[in-house]
Amino acid sequence: MRGLIALFALLLPLAAHAGAQKYEPLSASVQAALSRSVSDRAPPRSSFQDSMDAIDWLAEMSRRLEKRIPDREARFEFLRSVHYEATRAGLDPQLVLGLIQVESGFKKYAVSTAGARGFMQVMPFWIRVVGLSDDNLFHLRTNLRYGCTILRHYLDIERGDLFRALGRYNGSLGQAEYPNIVRMAWQNQWSYSKSKLALR
């Protein structure tokens, strides 16, 4: 079974596994908190601890992402935005890269059969629930902000249980396939540590 999952993970760049977040009524306080989170348009500051961390992480992730996003400037903008929005939401940026790989295959204008949009495959109902009517889910930072905020919300609901939070994100709560595929992408393609980098 593990061999099949590993083989499937290798094929991930060729296919996306977008699902669909399901609408669930939110309490007024949760709705207000999520709305504040997606509407904060403050200019981004660096989400890195220091400039050397930024240089190391961006260089390594850029190398891994080059085949999927060939344009260097677009690739660096994408990576800085992922790191910023993931960190802002209290998520591991590498986890978010794994989720994007599975959800959209790094295609900015991906649309699932259920209507989920963009890199993180956000369902349009979220705009109505917590956003502004002119929010564009194909806009890089908007899509990442919604996606990271939604995943953080699901992690909070599930008290930190990533398996269940990923299931909610994909609309497949209780099924193992999607959470396992995201974890495989995260661990096999996007895991990162300075110590591993130094060994190269």
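The basis for the numbers below is simple: all heavy atoms, side chains too, and nothing from hydrogens, waters or symmetry mates.
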Minimum side-chain heavy-atom gap [X]-[Y] below 4.5 Å:
X: W190; Y: V96; result: no
X: L91; Y: L155; result: yes
X: P93; Y: H83; result: yes
X: I150; Y: V130; result: no
X: Y154; Y: I157; result: yes
X: Y169; Y: V182; result: no
X: Q101; Y: R68; result: yes
X: E73; Y: E77; result: no

- Can L166 and N180 be said to form a side-chain contact (heavy atoms from CB on, under 4.5 Å), step by step? CA-CA 9 Å; L166 288 171; N180 287 339; over 6 Å; no
- Query: Counting only N and O atoms by type, is there a donor-acceptor contact under 3.5 Å from the side chain of R75 to the main-chain atoms of L65?
  - Reply: no
- Query: Okay, side chain of N170, backbone of P179: is any donor-acceptor separation there less than 3.5 Å?
  - Reply: no
Determine the minimum heavy-atom distance between [X] and [Y], stating which atoms define it.
X: L137; Y: P124; result: CD1-CA, 3.8 Å
X: A110; Y: S104; result: CB-CB, 3.9 Å
X: L132; Y: I127; result: O-CG2, 3.0 Å
X: M123; Y: G115; result: SD-C, 4.1 Å
X: F163; Y: R183; result: N-NH2, 3.5 Å
X: L97; Y: F106; result: O-CZ, 3.6 Å

- Query: W126 and T149: side-chain contact (heavy atoms from CB on, under 4.5 Å), yes or no, with the steps?
  - Reply: CA-CA 11 Å; W126 284 106; T149 298; over 6 Å; no
Got a second to check how far [X]'s [atom1] is from [Y]'s [atom2], nearest 0.5 Å?
X: H139; Y: T142; atom1: NE2; atom2: OG1; value: 5.0 Å
X: L162; Y: R164; atom1: CG; atom2: CZ; value: 12.0 Å
X: K107; Y: Q121; atom1: NZ; atom2: CD; value: 10.0 Å
X: N143; Y: R117; atom1: CG; atom2: CZ; value: 10.5 Å
X: W57; Y: S62; atom1: CH2; atom2: OG; value: 10.0 Å
X: D53; Y: L58; atom1: CG; atom2: CG; value: 10.5 Å

- Supply the members, apart from L173, of the Ile/Leu/Val/Met/Phe/Trp/Tyr cluster built from side-chain contacts under 4.5 Å; use none for a lone residue. none
- Query: Does any donor atom in the side chain of Y146 or E85 lie under 3.5 Å from an acceptor atom in the other side chain?
  - Reply: no
- Residue list, ring-ring contact (aromatic ring centres under 6.0 Å, His included) with F138, at least two apart or on another chain: Y109
- Test log, rule side-chain contact (heavy atoms from CB on, under 4.5 Å), inputs D56 and Y192: CA-CA 10 Å; D56 291 345; Y192 171 84; 3.4 Å; yes
- Item | Parallel, tilted or perpendicular, as decided by the 30° and 60° cut-offs, for the rings of F119 and F78 | tilted
- Message: Working note: I69 + L79, criterion side-chain contact (heavy atoms from CB on, under 4.5 Å); need CA distance, chi angles, decisive distance, verdict.
- Response: CA-CA 10 Å; I69 303 178; L79 287 168; over 6 Å; no
- Item | Cation over ring face, R72 and F76, 6.0 Å, 45° | yes
